[in-house]
Asks: 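This is the structure I want to talk about, given as structure tokens.
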Amino acid sequence: QVQLVESGGGLVQAGGSLKLSCAASGGTFSSYTMAWFRQAPTGEREFVAAIRWADGVTGYADSIKGRFTISRDSAKNTVYLQMNSLKPEDTAVYYCAARPFRVVTRTPSTYNYWGQGTQVTVSS
């Protein structure tokens, strides 16, 4: 059973940085695509970034491009989201997701496994 556990959320001032981690277990992740999504209190779950585990190919939402970086550490089975130049509109619960396919997608329904989420709050 695939399990995803996020950590690293918190409260930060605008312009600051946070690094989220997603520890993955229970699968052979070399054939997976991993992603980060976020959901604000009054919004839908939206795509943030994704990475294909096998070769590190990435994709980003336009709203965070140039500020956020997704990466993975195969030795630790962990995916990261480095978030810089944070803005109040980045405030949301951030979710790690996984799908057992190598095609990178941006639609939440195409991901099979989800973490419990970690809160990120950016104050102005």
Side-chain angles (χ1 to χ4, degrees):
Q1 179 72 15
V2 171
Q3 290 191 326
L4 305 174
V5 180
E6 303 100 332
S7 61
L11 173 64
V12 64
Q13 288 189 331
S17 298
L18 281 175
K19 186 174 184 177
L20 306 182
S21 300
C22 172
S25 61
T28 305
F29 296 102
S30 58
S31 61
Y32 277 55
T33 296
M34 308 294 291
W36 289 95
F37 289 82
R38 67 186 182 185
Q39 188 167 15
T42 58
E44 295 183 348
R45 192 164 296 191
E46 66 171 350
F47 171 79
V48 175
I51 187 167
R52 187 161 59 204
W53 202 293
D55 56 11
V57 168
T58 59
Y60 294 95
D62 288 343
S63 60
I64 57 84
K65 198 173 291 184
R67 300 189 296 124
F68 292 9
T69 303
I70 189 170
S71 62
R72 86 275 192 243
D73 184 330
S74 296
K76 296 182 178 180
N77 269 4
T78 299
V79 176
Y80 303 99
L81 185 68
Q82 176 67 48
M83 305 186 295
N84 299 327
S85 302
L86 282 161
K87 304 176 181 180
E89 52 263 43
D90 294 318
T91 295
V93 177
Y94 283 70
Y95 296 91
C96 179
R99 64 192 302 268
F101 306 101
R102 297 190 179 190
V103 175
V104 176
T105 65
R106 301 178 177 221
T107 306
S109 62
T110 62
Y111 286 79
N112 302 73
Y113 307 101
W114 293 85
Q116 81 287 353
T118 186
Q119 176 71 47
V120 171
T121 302
V122 184
S123 64
S124 58

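These numbers come from a predicted model, not from an experiment. All residue numbers in this chain count up from 1 along the given sequence.
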Asks: Once rounded to the nearest 0.5 Å, what's the spacing between atom CD of Gln82 and atom OG of Ser21?
Replies: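 Here the rounded value is 9.5 Å.
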Asks: How close do Thr33 and Ala50 get, heavy atom to heavy atom, and via which atoms?
Replies: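 So the minimum-distance heavy-atom pair works out to CG2-CB, 4.4 Å.
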Asks: How long is the straight-line distance from CD1 of Ile64 back to NZ of Lys87, given to the nearest 0.5 Å?
Replies: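 Answer rounded to 0.5 Å: 10.5 Å.
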Asks: Would you find a donor on one side and an acceptor on the other, under 3.5 Å apart, between the side chain of Glu6 and the backbone of Gln116?
Replies: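 Between the backbone of Gln116 and the side chain of Glu6 there is a qualifying donor-acceptor contact (under 3.5 Å).
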Asks: Please examine the side chains of Gln119 and Thr91, heavy atoms only from C-beta on, and report whether any two atoms are closer than 4.5 Å.
Replies: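 The answer is yes; the side chains approach within 4.5 Å.
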Asks: Measure from the side-chain N and O atoms of Tyr111 to the backbone N and O of Thr105, and report whether any donor-acceptor pair falls under 3.5 Å.
Replies: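 Between the backbone of Thr105 and the side chain of Tyr111 there is a qualifying donor-acceptor contact (under 3.5 Å).
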Asks: How are the rings of Phe37 and Trp114 set relative to one another: parallel (under 30°), tilted (30 to 60°) or perpendicular (over 60°)?
Replies: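 Ring orientation of Phe37 relative to Trp114: tilted.
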Asks: Report yes if some heavy atom in the side chain of Trp53 is under 4.5 Å from a heavy atom in the side chain of Asn77; otherwise report no.
Replies: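 Contact flag for Trp53/Asn77 side chains = yes.
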Asks: Specify the closest pair of heavy atoms between Arg67 and Ser85, including all atoms of both residues, with the distance to one decimal.
Replies: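 That would be NH1-O, 3.0 Å.
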Asks: Does CD in Glu46 sit with more than 12 non-hydrogen atoms of other residues, nucleotides or ligands closer than 6.0 Å?
Replies: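 Yes, because the 6.0 Å sphere around CD of Glu46 holds more than 12 heavy atoms from other groups.
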Asks: Do you know which two heavy atoms are closest between Phe68 and Tyr60, and how far apart they sit?
Replies: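 Shortest heavy-atom separation between Phe68 and Tyr60 comes out as O-CE2, 3.3 Å.
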Asks: What distance separates Ser31 OG from Arg99 CZ, expressed to the nearest 0.5 Å?
Replies: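 Spacing of OG (Ser31) from CZ (Arg99) equals 11.0 Å.
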Asks: Quick one: do Phe29 and Tyr113 end up in the same hydrophobic cluster if we chain Ile, Leu, Val, Met, Phe, Trp and Tyr together by side-chain heavy atoms under 4.5 Å apart?
Replies: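 Yes, one cluster joins them.
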Asks: Can you tell me how far the CG atom of Leu81 sits from the OG1 atom of Thr69, to the nearest 0.5 Å?
Replies: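 Taking CG in Leu81 and OG1 in Thr69, the distance rounds to 8.0 Å.
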Asks: Would you call Arg38 and Asp90 a salt bridge, taking side-chain N to carboxylate O under 4.0 Å as the test?
Replies: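 Answer for the salt bridge query: yes.
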Asks: For a quick test of reading the model, state the closest non-hydrogen atom pair linking Ser17 to Asn84 and the distance between them.
Replies: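 Nearest heavy atoms, Ser17 then Asn84: OG-OD1, 2.9 Å.
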Asks: Distance check, rounded to the nearest 0.5 Å: Met34 atom CE versus Ser71 atom OG?
Replies: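 One gets 11.5 Å once the value is rounded to the nearest 0.5 Å.
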Asks: Hey, mind stepping through Asn112 and Phe101 against side chain to side chain contact (heavy atoms under 4.5 Å, CB included) and telling me if it holds?
Replies: CA-CA 10 Å; Asn112 302 73; Phe101 306 101; 4.3 Å; yes
Asks: Do you know which two heavy atoms are closest between Ile70 and Val79, and how far apart they sit?
Replies: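 Smallest interatomic distance, heavy atoms only, reads CG1-CG1, 3.9 Å.
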Asks: To the nearest 0.5 Å, what is the distance between CZ on Phe47 and OG1 on Thr107?
Replies: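 That separation rounds to 9.5 Å.
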Asks: Which of these passes side chain to side chain contact (heavy atoms under 4.5 Å, CB included) with Leu20: Tyr94, Tyr80, Tyr95?
Replies: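 It is Tyr94, the one option of Tyr94, Tyr80, Tyr95 that forms the side chain to side chain contact (heavy atoms under 4.5 Å, CB included) with Leu20.
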Asks: Over all heavy atoms of both residues, which pair between Trp36 and Cys22 is shortest? Give the atoms and the distance, please.
Replies: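 Minimum heavy-atom separation between Trp36 and Cys22: CZ2-CB, 3.7 Å.
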